[in-house]
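On a predicted model such as this, the values are computed, not experimentally measured, just so you know.
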Amino acid sequence: MAPFATAMVPSSHIFHFRKPTNLVFPIRCSTTASPALVSTRSKAANFDLMTYWASLMVQINQKLNEAIPVQYPPQIYEAMRYSVLAKGAKRAPPVMCIASCELFGGSRLSAFPTACALEMVHAASLIHDDLPCMDDSPSRRGRPTNHKVHGVDMAILAGDALFPLGFRHIVSHTPPDLVPERYLLRVIAEIARSVGSTGMAAGQFLDLEGGPNAVGFIQDKKYGEMGECSAVCGGLLAGAEDDEIERLRRYGRAVGVLYAVVDDILEERLKAKGGNDGKKKGKSYVEVYGVEKAQEVAEELRVKAKQELDGFEKYGERVVPLYSFVDYAIDRSFTIDETRG
């Protein structure tokens with residue numbers, strides 16, 4: 001249900017570069033752009049996103065592990081931890097939240113609780129998405145889905161428990177001297193909106209019941225909502241202005257859908273080479289319109305996302321990580337494989 005669900009990245013420290021997928025054209029800057037904007041985009045193209053992302057993931061993984069200790073009844077907590085702490089979890093929502101908070105001068109310490117909550121919500125949505133009554137997925141990130149390991153009943157309970165735990169974590173762990181209470185109320189309301197009946201739940205419903213003409217709405221709701229929410233929450237924590245929040249909203253939604261569209265294109269290419277995983281697929285631009293049209297959609301989304309970021313020119317290099325997320329959504333220029341020992 002969330003935007004970055006199929007891409008691969010856990011934590012630790014072994015990095016493998018691979019050839020970009022070349023799905024769209026190289027990054028372009030408008031000829032009318034200011035020199036400062038051109039410079040910022042140039043820096044984004046050379047930004048070491050891999051190191052930035054990996055360093056944040058180490059901290060996020062540690063905080064998530066601490067946030068979900070095994071308590072009574074242990075079966076529920078073990079099911080919760082199975083999905084939240086899964087190898088292969090990319091941590092895209094919390095990383096985007098932190099990057100958005102830092103754009104406006106906010107502290108990582110103020111963003112970590114919300115970042116962890118977003119990952120809990122993300123994991124809960126995936127647990128429920130995978131259920132037999134929904135997408136009926138037997139595997140995720142290369143291992144059995146939650147209900148295959150812990151049973152359908154426990155998977156439902158784990159997802160149900162993760163949603164309120166995320167809200168509680170925001171309230172109980174955000175430093176009050178760094179984030180005013182009114183900001184936290186807006187953050188909680190934003191997350192509730194994104195997962196509710198007008199957000200991701202609506203997208204999942206139409207993925208089950210809607211026709212092919214609903215594909216745009218489905219992609220916006222199932223995948224765009226989590227990207228939008230992640231970017232917006234970071235801005236809210238740092239006290240961004242309302243017009244800046246709306247710009248983040250449009251940026252995050254575009255990036256969330258972009259990730260999903262590119263994932264679908266890559267999966268279709270893998271399928272053409274005999275690599276189909278046999279999973280039931282939801283409605284996508286590739287399924288409805290074909291790869292060529294999906295590539296056009298991806299290009300439009302990339303342009304839109306970067307145009308929204310151009311409005312943050314006054315923040316200089318602090319916007320660079322957000323630009324880099326857009327490029328990564330297209331080229332998938334690195335993976336981060338986890339080793340434990």
Should [X] and [Y] count as side-chain neighbours, where that means a heavy-atom distance under 4.5 Å?
X    : Y    : value
P176 : E181 : no
D129 : S137 : no
Y52  : F47  : yes
L237 : L184 : yes
P144 : Y82  : yes
V257 : D220 : yes
H122 : M226 : yes
S100 : L322 : yes

Check: Y328 ring centroid to F334 ring centroid under 6.0 Å: yes
Are F104 and Y315 an aromatic pair, judged by ring center distance below 6.0 Å? yes
To check you understand the geometry: which heavy-atom pair defines the closest contact between [X] and [Y], and what is its length?
X    : Y    : result
I60  : P94  : CD1-CB, 3.7 Å
A298 : V262 : CB-CG2, 4.4 Å
S107 : L178 : OG-CD1, 4.3 Å
A254 : A305 : CB-CB, 4.1 Å
L118 : S230 : CD1-CA, 3.9 Å
L85  : N61  : CD2-O, 4.4 Å

Supply the atom-to-atom distance [X] [atom1] to [Y] [atom2], rounded to the nearest 0.5 angstrom.
X    : Y    : atom1 : atom2 : answer
E296 : L301 : CD    : CG    : 12.0 Å
L131 : I156 : CG    : CD1   : 5.5 Å
I98  : F112 : CD1   : CZ    : 4.5 Å
R253 : Q219 : CZ    : CD    : 11.5 Å
I127 : L162 : CD1   : CG    : 5.5 Å
L309 : F325 : CG    : CZ    : 10.5 Å

Please determine whether residues [X] and [Y] belong to a single hydrophobic cluster, defined as Ile, Leu, Val, Met, Phe, Trp and Tyr linked transitively by side-chain heavy-atom distances below 4.5 Å.
X    : Y    : answer
L258 : Y289 : yes
V288 : I265 : yes
V70  : M154 : yes
L103 : V255 : yes
L109 : I170 : yes

Are [X] and [Y] close enough that a side-chain donor and a side-chain acceptor fall under 3.5 Å?
X    : Y    : result
E246 : Y251 : no
D310 : Y323 : yes
N65  : R81  : yes

Using a strict cut-off of less than 4.0 Å between a Lys/Arg side-chain nitrogen and an Asp/Glu carboxylate oxygen, indicate whether [X] and [Y] qualify as a salt bridge.
X    : Y    : value
R193 : E228 : yes
R249 : E244 : no
D242 : R186 : yes
E102 : R318 : no
R332 : D263 : yes
E225 : K221 : yes

Counting heavy atoms not belonging to [X], are there more than 12 under 6.0 Å from its [atom1]?
X    : atom1 : value
E317 : CD    : no
E66  : CD    : yes
Q71  : CD    : yes
R168 : CZ    : no

Yes or no on salt bridge (charged side-chain N to carboxylate O under 4.0 Å, His left out) for K304 and E308, after CA distance, side-chain angles and deciding distance?
-> CA-CA 6 Å; K304 177 176 177 56; E308 296 298 342; 3.7 Å; yes
Give a yes or no on whether the backbone of [Y] and the side-chain of [X] come within a donor-acceptor separation of less than 3.5 Å.
X    : Y    : result
S194 : I191 : yes
K283 : D207 : yes
S139 : G142 : no

Applying side chain to side chain contact (heavy atoms under 4.5 Å, CB included), run through F205 and M134 and close with a yes or a no. CA-CA 9 Å; F205 168 75; M134 296 294 180; over 6 Å; no
**Message:** Once you measure the plane-to-plane angle for H128 and F163, does it fall in the parallel (<30°), tilted (30-60°) or perpendicular (>60°) bin?
**Reply:** tilted
R91 vs L56, test: side chain to side chain contact (heavy atoms under 4.5 Å, CB included). Steps then yes/no.
CA-CA 9 Å; R91 310 303 186 213; L56 279 175; over 6 Å; no
I188 vs V171, test: side chain to side chain contact (heavy atoms under 4.5 Å, CB included). Steps then yes/no. CA-CA 9 Å; I188 291 171; V171 173; 3.6 Å; yes
From the list N146, D135, D130, side-chain hydrogen bond (donor to acceptor under 3.5 Å, both in side chains) with R140 holds only for D130
Using side chain to side chain contact (heavy atoms under 4.5 Å, CB included), reason through W53 and M57 one step at a time and then give a plain yes or no.
CA-CA 6 Å; W53 201 320; M57 285 180 62; 3.4 Å; yes
